[in-house]
Amino acid sequence: MEEFKHPLFFDAKDLTDKEKDKVRRHFQKRRDSGGGDCGMIEKAGGNTYTICFKEIEDQERVLQRKFHSISLPSGDLCLNVSRSYCPETPDQPSTSQPKTTTKVNTKGLEKIFKLDIFLMYFLRDNPKAYKLLQKQLSCIGCQVQLDFEEEETVVRGDIEKGPGGAFGGAEQWELQVDRVLINFTERYLCYHVVELKKAKILLQDLSFVTDDIKVYREGGYPVVVGETEAVHEKIAILEKSLPTRKELPIVEKLFKLVEEEFSREMFAKYPEVKINIGSAMVTLEGSDKEVQSGANTLEELKKKVKEKRVKLSTPLMTFIGSSGAVSKYQTRFQQRLRDPVFLEVGSELVMSSLSSDALDEAEATLQRDFDVANVELQGALAAPPDLDGLKEILFKAKNEANSREFRVDVSFIPGTGGTPNTKVRLVGYRENVNKLKEVLHDYQINQIGTQEVLNLPNPDLLDCFDKILGMIGMKQNKVTLKASLFPYPCVLVSGPCHLVKEAKQGLISALASLTSHTLVLDGPGALQYFQAEGKVGKELVESSFQVIIKEQQGVHSANVQSKPRSISSHVTSGLAPGPLPILHCNTVGNQVAIKTSLEIKLGSLIDAQVNVLVVPMLNKNLTSTKIGKRLFQKAGNAIKSKFDWVAVNGTVAPGDVLQVDAPPSLGVSKLFFIECLPWDGVRGQSVKALGNGLKRCLDLCVQQGYSSVAFPIIGPGVVLKYPMKEAIQLLMENICQLGLSASSGSLTTIQIVIKPGYPDSEECYQDVCRHPGLNVNQGGQAIFRSITSDLDDITMTVGSGVKLQLVFGDITDETTDAVVNTTDFVYFQNGVCKDILTVAGADVEAELKAAKYTRGDVFVSQSGEFPCEALFHVCGQKDAVVIEQLVIRIVEHCESFGFESVAIPAICAGAGGLDPCVVARAVLRGVKDATSSFGLNSLTDIRLVLLKINVFLAFKEEAMQMFFTAVINKASVPQLPHVQQQQHPPSVEADLSIICNSSTSQQSVFRFLGLSGKDVDGAMTKLTDLYQTQCSSQTFRKEELKDLTQDDVKDLKQLVETEGLYVELSQGTLKVSGLNNGVIKVMQMINASLHGNLRREVRVREEEDLYARVAWCILGHRGNWERLPKTANHSLENNDVGGRIVDAQGNKWTVDLPRMEATRCLGGQTTKLKRLEHLPDFTLPLYWDNMAAGEALKTVELLPSNAEYRTVKEAFKRTVGKTVLKIERLQNVHLRCAYEAQKKQISDKYKQQGGECEKLLYHGTTQDNCQSIVKTGFNRRFSGQNATSYGKGTYFAVNANYSAQPTYSKPAADGSQLMFVARVLTGIYTQGQQNMRVPPPVSNQEGHDRYDSVVDRVDNPQMYVVFHDNQAYPDYLITFK
């Protein structure tokens, strides 16, 4: 190409195109070759190549280096370049050395070299290098001369000293000289610096020049000369000292916040660094180190920027963004604050600054300067034309405010959901918003009508408000007065604003001036009279005396006042008063009518669907307990405000009840808060306070007419720290006492709520269900209409008519044909598998261990000692699909074996760890599929036996959804074994008391409202006279009433209520007062009833005589025997059951006497009957079996299917992991008689303190001592065989695990152990001591009055010691292993 005019030549052998390209790139790089822009490499001829440069300077720099080394794939290529091309000849070898001239004469040799001129300068200026060259040449007999004019280096030598003669010596000499010069030139380097920045630094920095490094100039460019390695080191230093340029991206808003601080720090620390600020970029130029430090400084400052987000309303954000306020306030903040603040408006206001103080001050400024106001327009102002007028005025005021800058904005927001109300929104600078609010206010006051609400002091004034206006002479002209019940009893005052205020104030004054009196007339008859035939007379009294007479409902309280009072708001404190009156309840025949049901619920108290919730509290603090905290979480400030108001207005002592109206969100009417004390022992103040509070809550429910109440188990928690058993005992005693007192009034439901999911939830549930107070009262009468729980059995009918039952219990108690065992076929000594195999025996365990199990199979083994036909062993593999298929195969196996019943556990829900809901769905689907897919001929009953509460609830929920036929089997009255005692008939006064309605229990109340007290008093006197002229009274003596039956009294009570009569009972004499017609009807009814009583007396005597000798019992739902009433008892004994019998709860049954069965008329359930014949001197407990005359001792082995067996076993298993082999009931007449006598003595002694305190406790024994205790009872003379730490008496444990220790229950040869379940009369107890032979005295003053027992620790006894043999009775004997 013509532009490349300066050629150079070099020799090389057969270069490939790639090698040529690499050689060309070498000559293009100035740093490597000194060259520059050049053309392609072409072949000049033979092994000679040419390359042409564009600039002659590039050509010269390449020539100055002469030798060039290039790395190629085939090896290093060393080139010697020259200006001219000399074609090779066959006689002359090619050389890449520069052209030299050699002269030979008779005396010496001479050779001229064209060395780089700067290398020659270096030899001149560096004696060390020059001497080195001279020394190397002198070794071959030569000298060197530098000719700077010709730019030549001349080497001369003596021919005679050269080897090989004149001609031959010349060639050898020349080779030696070339070798010396080439080695020398390779040792030194001439480096041409052509980059301006490097050249400038090199020329200015004198430190680069040393003795061994020289710098020369060539056309303004420096050339560095010296030893090659030293030159390279200097050039590397030069490279590092070059100025660095770094570009830093920035966010403009952030950089403005740090720009001033950044510039100040850079100027102080790095003044040599240049800073260029561009759009979104900052460029730093300077030394590499300083530039990097500057970049770090900027990054650190950016990190110091703080951001604050301010949540403003959307309208205010919109205004700030559109009004130019952002730039305005940014400028203001930059001028006034130490650090600038950047503002950004988006979904919220974002402020950025280096200073938190600046951000806070900026926020405060914006909050102070800006405002948004929403004013709701009501009435006429919310619609045209008043709305149009308001818009015109507000828009005019807005335009004036915005004349110079955008200061305020106005908008009108229509009502939503069809409501006519319109809102005015004012947004902008606060001072301008306030001015527009004043304009709006002035317009409302002067132009628009309004409506105000006046609270009425009493809702009764609503329906007579028009009469009141007429009476006070208040006219409605421009102002309208309207009484309204919503949102609360009030008067709506409507009209122009200024007139409404005047009318409201006038109405308040007029109502305050009225006089109100209350007239109370005994009995409800007065109300009935003046609502019917006396209505005209009442209206004449009103018109004559200018009063209003308001009839009120009968008041069931003793607090009715007849004193005059002014009409004003009256608030009653929420504190329950002291003692509450006991109300009477109905009776049926000669037995108490049971109206209250007990429900044991599992869940949260705050979700209970009742009228009243009972809540514990400490120190009058709502959130002092977990329940209080949950109430606050659910109802929030609504409950807190109500609670605080009641708490502030009353003094609360421990045991007091704080009554609080419940907010609607809780779904109940009242909250009763009991002020409690932390646990301080069984005889401490905490028990007394909680007992008083529980009783007071129940009394309040009865007095105030509530029908349902829910209690938690108060006490066992981190706040009050009661022992669980003591807390349950206290609650159950009070609830059962209400049932026994026959004073439940309208209270029909009592719920005990137990929260599941806690470690002690199941223990708590069992203790509640097993409490002895749930049995019966002393007459054998049930105290609750029904007792139900969330764990009651559930029965449903599935495919093929199979009955499916969900049962909460232990599968080892089952007696079905087949029982399913869940195992992993590896470990057999844990969980249900261990219990089943312990009962079944070693042969079954060996068979199971030898089984070859396949996934999904059912392994069938013999039953061994287990009371069933076969055991089915399965492994659920923790897989719901496997479980479902296993259930189907279980049903198939039952059908193939001809089994009628099977018991199945919750496979993998226990140790398997599967979610109970997953297991429930799998099992129930398997049952449903199996029973609906196959025609079942044998299987009729499937029982799903579930041991854990959470598992049972999961199955229950799934079953109720999956099977619409599911029915919960609710128990009527579950009973534990108890002692039956005789029932005494109620007295005549108690029977007649139900018809009494004294002045404190039911009255006719009239409220009088008038302009003056004189008018009101006159009207009250006149109305009283009108009523008394229509009344009369009649007194019935005790002799006339003695033969009335309870049914007669019931009919008489209904007549009294119908006629509105007033009845008083005093010393058996009944006085009836009221309207004449009603009194006459009572006389007629009493006379008619007396004639039929004689016929019933004979039957009553017969029933009572038989009731003392024979007890007919019916088996309750939970497997406990209940005694039938006297009438049913008489009918069954005389085989007079052609009709039906009625049990103690009022349930009707048909009877099959030959089979001793009864079938319930409603529901069709069938149960067993039992006849007990008492011994002449002993009444058999209901749970005993009959005993022959003269039979003093009988041992009855309980069947595992028996509820009595399950109850005893469950209590034992709660603390003992061993397997129960047998449970025997011990019926010892002599021991029981002595025990009952001791029980009566203690019960009479502590009648006021809670009775005999009978407990079921445990006593371990041995084979040797067992029969002695069974026959003669516990003998304290044998104390000391194991320990006497708390006295020399007989020891009983609260928990079975203590007595199960081998020390106390010594294992027999086969490993079995024995333990008694004993009834123990613990009475009043104290701390035991080692040497005690009798309990200590209760007080020093009365040494004969001693404690009944001693314990290991008074605050939470685990061990009781009694010193009287008759204080304990061996009720059951448990054999376990």
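Side chains are part of it too, since the values below use all heavy atoms of this structure and drop only hydrogens, waters and symmetry mates. The shown structure was predicted, so the numbers you read here are calculated from the model rather than taken from an experiment. Position 1 is the first residue of the sequence, and the numbers go up from there.
- Judged purely by distance below 3.5 Å, without hydrogens or angles, the side chains of Q1358 and N1295 pair a donor atom with an acceptor atom.
- Side-chain contact between I606 and Q633 is absent, with no heavy atoms from C-beta onward closer than 4.5 Å.
- Within a 6.0 Å sphere centred on NZ of K626, other residues, nucleotides and ligands contribute 12 heavy atoms or fewer.
- The shortest side-chain heavy-atom distance between K755 and S604 falls under the 4.5 Å cut-off.
- Checked by atom type and distance alone, the side chain of S624 pairs as donor or acceptor with a backbone atom of L618 at under 3.5 Å.
- Ring planes of F952 and F808: perpendicular class, angle over 60° (limits at 30 and 60°).
- The 12-atom threshold is not exceeded at NZ of K640, counting heavy atoms of other residues, nucleotides or ligands nearer than 6.0 Å.
- Taking the side chain as every heavy atom from C-beta outward, D656 and L658 never approach each other to under 4.5 Å.
- Donor-acceptor pairing under 3.5 Å is recorded for the side chains of E1254 and Y1235.
- When each of Y1298, Y1258, Y1325 is checked for a ring-ring contact (aromatic ring centres under 6.0 Å, His included) with Y1360, only Y1325 meets the rule.
- Aromatic ring orientation, Y1286 versus Y1291: tilted (interplanar angle from 30° to 60°).
- In this structure, L747 and L698 have side chains that are in contact, with non-hydrogen atoms separated by less than 4.5 Å.
- The number of heavy-atom neighbours closer than 6.0 Å to NZ of K725, taken from other residues, nucleotides and ligands shown, is above 12.
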Item to check | Candidate pair R1319 and D1371, rule salt bridge (charged side-chain N to carboxylate O under 4.0 Å, His left out), full reasoning | outcome: CA-CA 6 Å; R1319 292 179 177 272; D1371 214 8; 2.8 Å; yes

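- Atom NZ of K634 has more than 12 heavy atoms from other residues, nucleotides or ligands within 6.0 Å.
- Put simply, the side chain of I713 does not reach to within 4.5 Å of the side chain of Y722, judged on heavy atoms.
- Contact record, C676 with I714: SG-CG2, 4.2 Å, taken as the closest heavy-atom pair.
- Side-chain contact check for K1245 versus D1348: some heavy-atom pair is nearer than 4.5 Å.
- Looking at heavy atoms from C-beta onward, F711 lies in side-chain contact with C697 at the 4.5 angstrom threshold.
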Next on the checklist: Please determine whether salt bridge (charged side-chain N to carboxylate O under 4.0 Å, His left out) holds for the pair R1214 and D767, giving the CA-CA distance in whole Å, both sets of side-chain angles, and the decisive distance to 0.1 Å.
Outcome noted: CA-CA 11 Å; R1214 279 168 54 192; D767 284 348; 2.6 Å; yes

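- For the side chain to side chain contact (heavy atoms under 4.5 Å, CB included) test with L613, the passing option among L605, V660, I627 is L605; the others fail.
- For the pair P1336/V1350, a side-chain contact is recorded, criterion being any heavy-atom separation below 4.5 Å from C-beta on.
- Under a 3.5 Å cut-off, the side chain of S686 and the backbone N or O of L677 do not form any donor-acceptor pair.
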